[in-house]
Amino acid sequence: MKSVLITGCSSGIGYDAAHGLRDAGWRVFASCRQQKDCDRLKAEGFESPLLDYADSKSLKAGLAEVLDATGGTLDALYNNGAFATPGAVEDLPRDALRANFEANVFGVHELTNLVIPVMRKQGHGRIVNCSSVLGLVVLPWRGSYNSTKFALEGLTDTLRIEMKGTGIHIILLEPGPVTSSIRANSIPHFEKWIDWKNSARRSAYEAGLSKRLYKDNGPDTFELPASAVTKKLRHALEHPRPKPRYYITTPTYIMGFARRILPTRALDWLISKA
């Protein structure tokens, strides 16, 4: 039975991936950053180590728990956990941006570097990083999240080239709108960091972002269930020759194509109409 460690399994993409891979015969270590979520997943029959990207000690302890259970091996790592801090770039405090990078980039980087020696020793492995369409193009009001995903794309592309010939495959997933809790989970970060009432953009917050965050407007256009990501994840983990990157949802295909062919002003116009 092949083993996989997945981060961010409390809900959404990670939760679906944990169930989908277990159903496919994988031994799944479904990690979460809060103990209550780990306990819930354990009640569902999962091995669920506590793993918080913002806490180096938890990364080392969580991985040690996994390796102790497997006898020192790990076939795959799926770096899925992430969060967003919505708000205009000019309203983002330095510490808000730093916190987002700690989880979405630095924690992913550290856990990956902890896993690589394990995979080198066994001579094989797959590391899949969950990026986003927002790692290809940007959307306004998402500057913090956009920048972390652009950084993740750069790190992952570099690592893929550096790992050539090692037997370790480095892969990107790039979903667009997928059913998850990321919007609801971003509200506490928005409320903590963004002083929107004293912003020069207060009226724009009231007319747009606040309604998107606090009002349930139903699914986004082209939104797919989390199972669409799990389907591509299985291909990335199980195919003998996985792709370097996987587009998921129509907007990712559209924006990936548009980024290649459109000049910057035209792409800015297209994004402003999205």
After noting the C-alpha distance and the side-chain angles of Glu90 and Arg201, does the key distance pass the salt bridge (Lys or Arg N to Asp or Glu O under 4.0 Å) rule? CA-CA 9 Å; Glu90 65 184 292; Arg201 296 177 175 271; 2.5 Å; yes
Output the distance between atom [atom1] ([X]) and atom [atom2] ([Y]), rounded to the nearest 0.5 Å.
{"X": "Leu134", "Y": "Met255", "atom1": "CG", "atom2": "CE", "result": "9.5 Å"}
{"X": "Arg27", "Y": "Thr73", "atom1": "CZ", "atom2": "OG1", "result": "8.5 Å"}
{"X": "Ser10", "Y": "Leu41", "atom1": "OG", "atom2": "CG", "result": "8.0 Å"}
{"X": "Met1", "Y": "Arg22", "atom1": "CE", "atom2": "CZ", "result": "10.5 Å"}
{"X": "Trp141", "Y": "Asn146", "atom1": "CH2", "atom2": "CG", "result": "13.0 Å"}
{"X": "Phe101", "Y": "Thr148", "atom1": "CZ", "atom2": "OG1", "result": "6.0 Å"}

Go through the steps to decide whether Met163 and Arg120 satisfy the test side-chain contact (heavy atoms from CB on, under 4.5 Å), and finish with yes or no. CA-CA 10 Å; Met163 288 293 107; Arg120 276 189 180 276; 3.4 Å; yes
Is it true that [X] and [Y] have a side-chain N and a carboxylate O under 4.0 angstrom from each other?
{"X": "Lys211", "Y": "Glu206", "result": "no"}
{"X": "Asp37", "Y": "Arg40", "result": "yes"}
{"X": "Arg245", "Y": "Glu153", "result": "yes"}
{"X": "Arg160", "Y": "Asp157", "result": "yes"}
{"X": "Glu174", "Y": "Lys149", "result": "no"}

Among Leu173, Ile127, Asn129, side-chain contact (heavy atoms from CB on, under 4.5 Å) partner for Tyr78: Leu173
Can you list the residues that meet the side-chain hydrogen bond (donor to acceptor under 3.5 Å, both in side chains) rule with Thr112, with sequence neighbours excluded?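 Scan of Thr112 (side-chain hydrogen bond (donor to acceptor under 3.5 Å, both in side chains), adjacent residues dropped) gives Asn79.
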Sorted by chain and number, sequence neighbours left out, side-chain hydrogen bond (donor to acceptor under 3.5 Å, both in side chains) with Glu110 holds for Ser56
Walk me through it: do Ser131 and Thr156 pass the test side-chain contact (heavy atoms from CB on, under 4.5 Å)? CA-CA 9 Å; Ser131 182; Thr156 307; over 6 Å; no
Would you call [X] and [Y] a side-chain contact if the rule is heavy atoms closer than 4.5 Å?
{"X": "Leu114", "Y": "Leu59", "result": "yes"}
{"X": "Tyr246", "Y": "Val229", "result": "no"}
{"X": "His235", "Y": "Lys231", "result": "no"}
{"X": "Arg183", "Y": "Leu213", "result": "yes"}
{"X": "Cys9", "Y": "Phe46", "result": "no"}
{"X": "Thr85", "Y": "Leu92", "result": "yes"}
{"X": "Pro86", "Y": "Leu209", "result": "yes"}
{"X": "Ile271", "Y": "Pro140", "result": "yes"}

For the residue pair His189 and Phe83, categorise the inter-ring angle as parallel (less than 30°), tilted (30 to 60°) or perpendicular (more than 60°).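 It falls in the parallel class, under 30°.
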Over 60° means perpendicular and under 30° means parallel, so tell me whether Trp196 and Tyr205 are parallel, tilted or perpendicular. tilted
Is the cationic atom of Arg33 (NZ for Lys, CZ for Arg) positioned less than 6.0 Å from the six-membered ring centroid of Tyr53 and within 45 degrees of its normal? no
Would you say [X] and [Y] are hydrophobically clustered, going by side-chain heavy atoms of ILVMFWY under 4.5 Å?
{"X": "Leu155", "Y": "Leu172", "value": "no"}
{"X": "Leu50", "Y": "Val108", "value": "no"}
{"X": "Leu74", "Y": "Ile6", "value": "no"}
{"X": "Leu224", "Y": "Tyr15", "value": "no"}
{"X": "Val137", "Y": "Tyr145", "value": "yes"}

Residue pair Lys42, Glu47: steps toward the salt bridge (Lys or Arg N to Asp or Glu O under 4.0 Å) verdict: CA-CA 6 Å; Lys42 287 176 181 177; Glu47 296 169 276; over 6 Å; no
Sequence neighbours excluded, which residues qualify as side chain to side chain contact (heavy atoms under 4.5 Å, CB included) partners of Glu223?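 Expected list: Pro177, Thr179, Pro219, Asp220.
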Heavy-atom closest pair, residues [X] and [Y]:
{"X": "Leu5", "Y": "Pro49", "value": "CD1-CG, 4.2 Å"}
{"X": "Ala258", "Y": "Leu270", "value": "CB-CD2, 3.9 Å"}
{"X": "Ser48", "Y": "Cys38", "value": "OG-CA, 3.3 Å"}
{"X": "Ala236", "Y": "Pro242", "value": "O-CB, 3.5 Å"}
{"X": "Lys243", "Y": "Ile171", "value": "O-CG2, 3.4 Å"}
{"X": "Leu51", "Y": "Ser58", "value": "CD2-O, 3.6 Å"}

[X] side chain to [Y] main-chain N or O, any donor-acceptor pair under 3.5 Å?
{"X": "Thr7", "Y": "Gly81", "value": "yes"}
{"X": "Arg142", "Y": "Val138", "value": "no"}
{"X": "Asp91", "Y": "Gly87", "value": "no"}
{"X": "Thr252", "Y": "Gly176", "value": "yes"}

Give the C-alpha distance, both sets of side-chain angles, the deciding distance and a yes or no for side chain to side chain donor-acceptor pair (under 3.5 Å) between His19 and Asp23. CA-CA 6 Å; His19 279 273; Asp23 292 345; 5.5 Å; no
Counting only heavy atoms from other residues, nucleotides and ligands, does the tally under 6.0 Å from [atom1] of [X] exceed 12?
{"X": "Lys192", "atom1": "NZ", "value": "no"}
{"X": "Tyr214", "atom1": "OH", "value": "yes"}
{"X": "Arg202", "atom1": "CZ", "value": "yes"}

As a quick check of understanding, evaluate side-chain contact (heavy atoms from CB on, under 4.5 Å) for Thr70 and Phe29, giving each step before the final call. CA-CA 10 Å; Thr70 64; Phe29 294 88; 3.6 Å; yes
What verdict does the side chain to side chain donor-acceptor pair (under 3.5 Å) test give for Thr230 and Asp16, after you've listed the backbone C-alpha separation in whole Å, the side-chain angles of each residue and the deciding distance to 0.1 Å? CA-CA 7 Å; Thr230 301; Asp16 190 273; 2.5 Å; yes
Verdict with reasoning, Asp75 to Trp26, per side-chain contact (heavy atoms from CB on, under 4.5 Å): CA-CA 10 Å; Asp75 295 294; Trp26 285 76; 4.3 Å; yes
